[in-house]
Amino acid sequence: MSRDERSLNAVPRWIWLALAACLALQFAWRATRPGAATTAEDLPPAPTAAALRLASFGEPAAVARLAMLYLQAFDLRGTNDVPYQRLDYRRLVAWLGAIVDLDPRSEYPLFSSARVYTENPDPAKVRVMLDFIYREFLKDPDHRWRWLAHAALVAKHRLHDLPLALRYADAIDRLTTARDVPLWAKQMRIFILEDMNELQAAKVILGGLLESGAVKDPAELRFLEHHLEELEARGVATPVPRR
């Protein structure tokens with residue numbers, strides 16, 4: 001840590017109290033407005049990341065956490081029959097984007113995006129959230145791949161949109177370079193191609209993966225070799241090498 005940086009523990013207690021008090025007053029004011037209980041529809045336009053940074057007084061991580069609490073209050077105190085169903089997802093994405101920009105190291109906004117806000121029965125709103133996750137992944141693939149992997153599963157199983165799931169899985173395979181990205185994440189596109197009945201393409205990719213020597217775990221290697229044998233048994237011809 002540089003001399004110009006301070007840990008959150010070094011922040012004076014009165015600053016935390018002031019921030020908490022402001023947040024509590026905001027919630028209380030909204031809850032006590034005559035005939036206007038807080039609802040999901042009341043989510044205001046998002047501030048810019050620059051405005052949040054200016055208000056953070058050098059503690060962007062703390063303000064990012066408070067902003068997430070503020071954002072989630074529109075569901076916790078709302079009148080939703082289904083969680084997050086009534087939120088304006090365009091505004092929600094703007095809020096999440098500003099919070100991520102304010103504190104790019106925090107995984108909480110993208111965790112909420114992938115694991116909470118996609119749990120919506122409205123496919124259009126789910127697509128808005130998935131597109132947001134994809135855009136944020138592109139900014140930092142090696143640290144945000146897990147959220148795009150979850151987005152691929154949502155696209156496949158919830159939206160039944162295999163081309164969209166393949167787009168996300170392909171992005172993970174092409175754009176991630178970190179050693180800690182697991183092979184299962186890079187292999188997702190093989191199984192999605194199978195679901196699309198693109199068996200020849202799946203076999204080519206799987207064969208190339210085995211020949212590359214990238215798979216080191218013996219159990220995983222046996223699983224993939226067995227899967228390749230299954231593809232061959234289903235009548236997928238081995239491609240003829242180009243001369």
Side-chain angles (χ1 to χ4, degrees), residues 1-12 14-27 29-30 38-78 84 86-120 124-151 154 168 171-172 175-176 178:
M1 181 178 295
S2 68
R3 296 175 59 186
D4 294 332
E5 295 179 345
R6 296 175 297 168
S7 69
L8 294 179
N9 292 332
V11 179
W14 69 266
I15 292 181
W16 289 110
L17 292 174
L19 287 172
C22 289
L23 192 65
L25 285 172
Q26 172 71 359
F27 292 159
W29 175 73
R30 297 187 66 88
T38 303
T39 65
E41 297 95 325
D42 291 330
L43 183 64
T48 63
L52 288 174
R53 189 170 292 109
L54 183 64
S56 71
F57 296 103
E59 294 293 344
V63 171
R65 293 190 187 99
L66 289 172
M68 281 300 300
L69 290 174
Y70 173 80
L71 186 60
Q72 291 180 328
F74 283 88
D75 178 71
L76 296 175
R77 293 185 57 83
Y84 313 110
R86 298 181 182 178
L87 285 168
D88 182 329
Y89 264 46
R90 296 293 178 183
R91 288 189 175 185
L92 175 60
V93 160
W95 271 95
L96 291 166
I99 295 170
V100 171
D101 289 344
L102 180 64
D103 185 15
R105 294 178 298 178
S106 174
E107 296 193 14
Y108 191 34
L110 289 174
F111 167 84
S112 298
S113 302
R115 302 299 297 272
V116 177
Y117 294 123
T118 57
E119 295 294 323
N120 193 308
K125 290 185 175 182
V126 174
R127 289 179 184 276
V128 169
M129 193 56 58
L130 295 183
D131 186 58
F132 166 72
I133 295 169
Y134 178 67
R135 295 197 308 270
E136 294 301 321
F137 161 83
L138 294 177
K139 297 176 184 178
D140 192 359
D142 284 339
H143 293 99
R144 298 175 178 175
W145 62 266
R146 57 179 51 82
W147 312 125
L148 191 63
H150 188 79
V154 172
Y168 295 159
I172 294 172
L175 301 178
T176 55

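None of the values given here were measured: they were computed from a predicted structure. Atoms considered below: every heavy atom in the structure, side chains included; atoms not considered: hydrogens, waters and symmetry mates.
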Worksheet item: Quick one: does R115's side chain have a donor or acceptor within less than 3.5 Å of a partner on H150's backbone?
Response: no

Item to complete: Of all the heavy-atom pairs spanning I99 and P109, show the shortest one and how long it is.
Response: CG2-CG, 3.6 Å

Worksheet item: Hey, mind stepping through T48 and D101 against side-chain contact (heavy atoms from CB on, under 4.5 Å) and telling me if it holds?
Response: CA-CA 9 Å; T48 63; D101 289 344; over 6 Å; no

Fill in: Main-chain N/O of K125 paired to N120 side chain as donor or acceptor, under 3.5 Å
no

Item to complete: Would you sort out whether W147 and S113 count as a side-chain contact (heavy atoms from CB on, under 4.5 Å), showing the intermediate values?
Response: CA-CA 8 Å; W147 312 125; S113 302; over 6 Å; no

Worksheet item: Is the closest side-chain heavy-atom distance between L130 and Y134 below 4.5 Å?
Response: no

Worksheet item: Closest heavy-atom contact between A49 and A98?
Response: CB-O, 3.7 Å

Item to complete: Take R135 and D131, measure what side-chain contact (heavy atoms from CB on, under 4.5 Å) needs, and give me the verdict at the end.
Response: CA-CA 6 Å; R135 295 197 308 270; D131 186 58; 2.5 Å; yes

Worksheet item: Should L92 and M129 be marked as a side-chain contact (heavy atoms from CB on, under 4.5 Å) after you check the CA-CA gap, both sets of side-chain angles, and the distance that decides it?
Response: CA-CA 9 Å; L92 175 60; M129 193 56 58; 3.6 Å; yes

Worksheet item: Which atom names give the shortest non-hydrogen contact between A151 and I133, and what distance separates them?
Response: CB-CG2, 4.3 Å

Fill in: Side-chain (R144) to main-chain (E136) donor-acceptor, under 3.5 angstrom
yes

Response to the item:
Tightest non-hydrogen contact, residues F137 and L175, listed as CE2-CD1, 3.9 Å

Discussion item. Quick check against the 3.5 Å criterion: does W95 have a side-chain atom that pairs as donor or acceptor with the backbone of A67?
Written reply: no

Worksheet item: Can you tell if the side chain of P44 reaches within under 4.5 Å of the side chain of Y70, non-hydrogen atoms only?
Response: yes

Item to complete: Report yes if the side chains of M68 and L96 come closer than 4.5 Å at any heavy-atom pair, otherwise no.
Response: yes

Fill in: Side chain to side chain, K139 and P104, heavy atoms closer than 4.5 Å
no

Practice prompt. Describe, in one word, how the ring planes of Y89 and Y117 are oriented to each other, choosing from parallel (under 30°), tilted (30 to 60°) and perpendicular (over 60°).
Written response: perpendicular

